[in-house]
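Here's the structure, in structure tokens; my notes come after.
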Amino acid sequence: MIDIQNMKLAECEALSRWIDPRYGFLSPDKFIPALEGNREVYKVDCHVLEGYGQDAEFLREKGNEIFPISFNISRTDLEACNIYQKIEDTVARYGLSRDQFHIEITESTLNDNSQPMVEAVQHFHDLGYQVWMDDFGSGYSSLNVLKDYDFDVIKIDMVFLRKFDDRSKTIVRNICRMAKELGIRTVCEGVESEEQFDFLKEAGCSLAQGSLFSPPVPLDELYKKMAPYL
């Protein structure tokens, strides 16, 4: 994610991809729903946590800067394991700080049985972690979510840039303005062109991510790919 004001890399998002020897490259929509349906997705999320800790240790040894990451947790993580303790253990084991982990919660997980999720967001805050809302605007309860949950950042769904017309621009501009008044930072996903980036800067968006800067890449390609923004 690029800080729109200074054009520097501010953060990375941890994304899961599965390269299977039989089926090849599998995007998350091919395997995450099945794992969530079987309450096994927490294993992937814990693997991501451990992987970030190992990567941070490697980068520290190389003398490279360790950027914060944001990563998604599932509602079932809260039920299938003690995700709070898993994160705390990773922070302690690898000598990291809590401000290097930002928890993303997708809007669609907030639609039903909201009280446990309200409590989860509060508990993460009590422990010292930022909580981000992912895919803002992709569902039907976005404004209710802002009323009921205390998010540090909202990530504006890429659908608004996919159809980059005056109507979408008006919506994004007003989301950024409303978030700023609520003391919430904004990230816009799916940025593919300089025109889109210039608009987001004018609209007051905080951070941008998308293929304009880099597609998802493994760690060994990250610093080469992001060199212009370091």
Side-chain angles (χ1 to χ4, degrees), residues 1-15 28 67-73 98-111 114 117-118 120-122 124-125 128-216 222 225-226 228-230:
M1 284 166 238
I2 303 300
D3 185 309
I4 288 178
Q5 296 306 313
N6 64 22
M7 288 296 293
K8 296 295 185 182
L9 178 64
E11 180 120 3
C12 298
E13 181 177 6
L15 300 172
F67 290 95
I69 64 159
S70 64
F71 66 100
N72 281 89
I73 66 164
R98 294 182 178 89
D99 60 7
Q100 290 175 296
F101 287 86
H102 299 153
I103 291 90
E104 291 192 24
I105 299 176
T106 304
E107 180 188 351
S108 60
T109 69
L110 306 173
N111 292 336
S114 62
M117 294 303 294
V118 170
V121 170
Q122 185 59 53
F124 279 121
H125 278 149
Y129 296 98
Q130 288 188 24
V131 184
W132 297 18
M133 179 186 175
D134 195 16
D135 297 338
F136 181 83
S138 62
Y140 299 99
S141 62
S142 295
L143 294 180
N144 259 344
V145 164
L146 290 186
K147 175 176 66 69
D148 295 336
Y149 292 86
D150 181 17
F151 287 108
D152 300 283
V153 174
I154 56 175
K155 298 185 73 175
I156 302 169
D157 191 80
M158 65 180 65
V159 68
F160 292 108
L161 292 189
R162 193 173 293 136
K163 188 177 181 181
F164 193 53
D165 56 13
D166 288 342
R167 195 176 186 90
S168 291
K169 289 179 183 179
T170 298
I171 292 170
V172 171
R173 188 180 290 111
N174 281 282
I175 290 173
C176 292
R177 182 180 298 124
M178 176 181 60
K180 186 174 183 179
E181 290 181 5
L182 292 171
I184 300 172
R185 292 186 299 142
T186 46
V187 179
C188 198
E189 303 175 300
V191 182
E192 297 180 351
S193 69
E194 291 287 353
E195 181 188 8
Q196 292 172 340
F197 181 81
D198 291 342
F199 162 72
L200 293 172
K201 187 172 184 178
E202 177 268 322
C205 190
S206 309
L207 301 166
Q209 71 178 97
S211 60
L212 176 63
F213 313 107
S214 175
L222 175 66
K225 189 71 178 178
M226 299 307 295
Y229 307 105
L230 297 176

So, does Asp152 use its side chain to make a donor-acceptor pair with the main chain of Val131 at under 3.5 Å? yes

Can you list every pair that meets salt bridge (Lys or Arg N to Asp or Glu O under 4.0 Å) and has a residue in residues 189-198, with sequence neighbours left out? Lys155-Glu189

side-chain contact (heavy atoms from CB on, under 4.5 Å) against Lys163, all qualifying residues, sequence neighbours excluded: Asp165, Ser168

Could I get the full list of ring-ring contact (aromatic ring centres under 6.0 Å, His included) partners for Phe101, not counting sequence neighbours? Tyr52

Nearest 0.5 Å please: distance from the CD1 atom of Ile184 over to the CD1 atom of Ile175. 11.5 Å

Interatomic distance, Leu207 atom CG to Asp3 atom CG [nearest 0.5 angstrom]: 6.0 Å

Any side-chain heavy atom of Phe151 sitting closer than 4.5 Å to one from Leu182? no

Could you tell me which residues satisfy ring-ring contact (aromatic ring centres under 6.0 Å, His included) with Phe160, sequence neighbours excluded, listed by chain and number? none

Give the minimum heavy-atom separation between Ile2 and Met226, together with the two atoms involved. CD1-CE, 3.6 Å

How about His102 and Val153: do any of their side-chain heavy atoms sit closer than 4.5 Å? no

Residues Ala208 and Val191: closest non-hydrogen pair is CB-CG2, 3.9 Å

Can you name the residues that form a side-chain hydrogen bond (donor to acceptor under 3.5 Å, both in side chains) with Asp99, not counting sequence neighbours? Ser97

Partners meeting side-chain contact (heavy atoms from CB on, under 4.5 Å) with Lys8 (sequence neighbours left out): Asn6

Which distance, rounded to the nearest 0.5 Å, do you find between the CD1 of Ile156 and the SG of Cys176? 4.0 Å

Of the non-hydrogen atoms in Gly190 and Gln196, which two are nearest, and what is the gap between them? O-OE1, 3.8 Å

Can you sort out the partners of Gln5 under side-chain hydrogen bond (donor to acceptor under 3.5 Å, both in side chains), two or more places apart, ordered by chain and number? none

Which residues pass the side-chain contact (heavy atoms from CB on, under 4.5 Å) test with Ser206, not counting sequence neighbours? Arg185, Thr186

Can you list the residues that meet the side-chain hydrogen bond (donor to acceptor under 3.5 Å, both in side chains) rule with Asn174, with sequence neighbours excluded? Arg177

Pairs flagged by ring pair (Phe, Tyr, Trp, His ring centres under 6.0 Å) wherever residues 180-206 is involved - sequence neighbours left out: Phe164-Phe199, Phe197-Phe213

Decide side chain to side chain contact (heavy atoms under 4.5 Å, CB included) for Trp132 and Glu11; before the verdict, give the C-alpha distance in whole Å, the side-chain angles of both, and the deciding distance to 0.1 Å. CA-CA 13 Å; Trp132 297 18; Glu11 180 120 3; 3.6 Å; yes

For a side chain to side chain contact (heavy atoms under 4.5 Å, CB included) check, start with the C-alpha distance between Val145 and Met133, then their side-chain angles and the critical distance, and finish with the verdict. CA-CA 9 Å; Val145 164; Met133 179 186 175; 3.4 Å; yes

Holding to side-chain contact (heavy atoms from CB on, under 4.5 Å), I want the full list of residues that pass it with Pro216, two or more places apart in sequence or in another chain. Leu15, Arg17

To check you understand the geometry: which heavy-atom pair defines the closest contact between Met1 and Ser70, and what is its length? CE-OG, 3.3 Å

With side chains defined as the heavy atoms from C-beta onward, is the minimum distance between Pro215 and Lys225 less than 4.5 Å? yes

Pairing residues for Glu202 by the salt bridge (charged side-chain N to carboxylate O under 4.0 Å, His left out) criterion, not counting sequence neighbours: Arg173

Atom pair CG/CZ of Leu230 and Phe67 - distance to nearest 0.5 Å: 5.0 Å

Can you measure from CD1 (Ile105) to CG (Asp135) and round to the nearest 0.5 angstrom? 12.5 Å

Working to the nearest 0.5 Å, report the span between CD of Gln209 and SG of Cys12. 10.0 Å

